[in-house]
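Let me begin by presenting the structure, written as structure tokens, before commenting on it.
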Amino acid sequence: MPPSIPDDRRPLILHITGDYPDPTRTPTTVAIKHLIDGLTGCDHLIVSLTRTADPRRLQVRDFKLTGQQNIIAIHHFGLPFGVGLYLSFKAVARQIETLLIERNIRPDMVHSHRLTFDGIAGWLIAAQREIPHVVSVRGEVESKVLRFKPTYRPLIRRILKSAHRIYYVSAWFRPQIEQLAGPQPNKSRPLPNIVANTRPTVTPRPPNKSIVAVANLDIYQKKGIDRLIAAFAMAEARLPGIELDIIGGGSAESTARVSRLIDNTGLQHRIHLRGPLKNDEFLAELPDALALALPSRNETFGMVYTEALFAGVPILYGRGTGIDGHLSGLDVGIALNPDDVSSIAAGLIDLVSNNARYRTAIQTAGPELFRRFDPVRQIALYMADIPAGIPPRMADGAVPASHELTQS
């Protein structure tokens, strides 16, 4: 039988992440926070990393969140474009190891929330301490490293081969990972991001005549807003009475650029920049939307797609990115080339023309959608992974490690 955690001790997971909303950084996604918040059966030390090339901005700050969670926010040195990537994250690993020793913290497992960045540090620490290492695959960052730094492929392969679990947040990137390291079905599974409106049954409401898009306008090109506006203009004659609502904030410069794109179409009366909405406000009005269209490129997951589906709203999304791969076999929206404006235009027409069929399909698929995205099930699967790989501790509770990472 595999070793397990003693009944009188809660497991402690060390999370290494460059995408956590700690108090020292600008706003970022809450996806990892939602996962950790749901893991109430164990304790968590969250090491939140922020890269800086300015030595004057290096810092380490501690934040106690609850009895179960603590944060160490580290602003670490790193050059742009991944220059010196391995050395940078080896230094991060040494810094984390030193902090663990100083604070007498003994994690039972390391979770690296990005394979090709955090994963380097997490792999080194887990190997040093002889504890399990699990990695999340987020295709946005992984694809860049594998494409532009091919010499890192042997290292990434080693990290994957030694991993206790491989979690695919970006299910669309699984084929590329398996091409690199081979299929590893016994330790790989999807881990979709958690959203607030997941439910076991979906009951669509009669829609209004608005297609919605949600995006940070500072990255409007990545989110496909420019191509969506062009596609809507291309299809507008076949979308009588339909409007496009773009929800989200951004800098004054980015907002002005998107506004000019709308002005250039002459459709200001039908394409609206609505500004940001709080998530609860957005979820309250989302079920009334005709469709959600967001042809993003190189999107890690896209929580808004899941939110739309559980609101009974069909979606238009990029093929080979975002939520793609999590919806196999379900006719709940349209996957297409996010760079092809004519395909996006045709997709908008399809979503409008066949809207009732799509909404019925979503209602029918509701139980399967819930099975795939149910946060309670995802948390239970994660918790079941924890004891299986944790080695027994020594009698004094120490970890049999030589602390080589702290040596120069």
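- Counting only heavy atoms from C-beta outward, the side chains of F63 and T24 approach each other to under 4.5 Å.
- Ring geometry, Y167 versus H111: the interplanar angle falls from 30° to 60°, so the pair is classed tilted.
- In this structure, R106 and L100 have side chains that are not in contact, with every pair of non-hydrogen atoms separated by 4.5 Å or more.
- Although no hydrogens or angles enter the test, the distance criterion places no donor-acceptor pair under 3.5 Å between the side chain of K90 and the main chain of I120.
- The line from OG1 of T17 to NZ of K33 is 13.0 Å long, rounded to the nearest 0.5 Å.
- Annotation: side chain of V134 is not in contact with side chain of D385 (no heavy-atom distance under 4.5 Å).
- No more than 12 heavy atoms of other residues, nucleotides or ligands sit less than 6.0 Å from atom CZ of R57.
- Proximity of a side-chain donor or acceptor of R174 to a complementary backbone N or O of V137 within less than 3.5 Å is not detected.
- The aromatic ring centres of F89 and H76 sit less than 6.0 Å apart.
- Atom CG of L348 is separated from atom CG of L239 by 6.5 Å, given to the nearest 0.5 angstrom.
- The aromatic rings of F373 and F310 stand perpendicular to each other, their planes meeting at an angle above 60°, with 30° marking the opposite boundary.
- Classified by interplanar angle (parallel below 30°, tilted 30° to 60°, perpendicular above 60°), the ring pair H15/H44 is tilted.
- Looking only at distances, no side-chain donor or acceptor of T265 sits under 3.5 Å from a matching main-chain atom of A230.
- With hydrogens and angles disregarded, a donor-acceptor distance shorter than 3.5 Å links the side chain of R157 to the backbone of L180.
- At distances below 3.5 Å, at least one donor-acceptor pair connects side-chain atoms of S188 with backbone N or O atoms of Q184.
- E281 places a side-chain N or O within 3.5 Å of a backbone atom of K278 that can act as its donor or acceptor partner.
- Atom CG of L124 is separated from atom CD of E97 by 10.5 Å, given to the nearest 0.5 angstrom.
- Of the listed residues (I159, L85, V145), just one forms a side-chain contact (heavy atoms from CB on, under 4.5 Å) with T116, and that residue is V145.
- Of the possible donor and acceptor atoms, none in the side chain of R114 sits under 3.5 Å from a partner among the backbone N and O of V141.
- With hydrogens and angles ignored, the 3.5 Å screen pairs no side-chain donor or acceptor of D324 with any backbone N or O of R319.
- No more than 12 heavy-atom neighbours from other residues, nucleotides or ligands sit within 6.0 angstrom of CZ on R158.
- Contact check on E253 versus R257 returns a salt bridge, with a Lys/Arg side-chain nitrogen under 4.0 Å from an Asp/Glu carboxylate oxygen.
- Electrostatic pairing of R138 and D118 does not count as a salt bridge here, judged by no charged N lying under 4.0 Å from a carboxylate O.
- In terms of heavy-atom proximity, R227 sits nearest to P295 at NH2-O, 3.0 Å.
- With respect to D54 and R56, a salt bridge is recorded, a charged nitrogen being found less than 4.0 Å from a carboxylate O.
- In this structure, S170 OG and E140 CD are separated by 8.0 Å, a value rounded to the nearest 0.5 Å.
- Between H133 and S112, the side chains place a donor N or O and an acceptor N or O closer than 3.5 Å (distance only, hydrogens not considered).
- Under the 4.5 Å side-chain criterion, counting only non-hydrogen atoms from C-beta, I242 is in contact with F232.
- Using a 4.0 Å cut-off between charged side-chain N and carboxylate O, D62 and R103 make a salt bridge.
- D339 and R297 are joined by a salt bridge, as a carboxylate oxygen and a charged side-chain nitrogen come within less than 4.0 angstrom of each other.
- At a threshold of 4.5 Å between non-hydrogen side-chain atoms, the residues L45 and P107 do not count as touching.
- The side-chain heavy atoms of P192 and T306, taken from C-beta on, include no pair separated by under 4.5 Å.
- Of the possible polar contacts, none joining the R129 side chain to the D108 backbone as a donor-acceptor pair under 3.5 Å is found.
- With hydrogens and angles ignored, the 3.5 Å screen pairs a side-chain donor or acceptor of H34 with a backbone N or O of I194.
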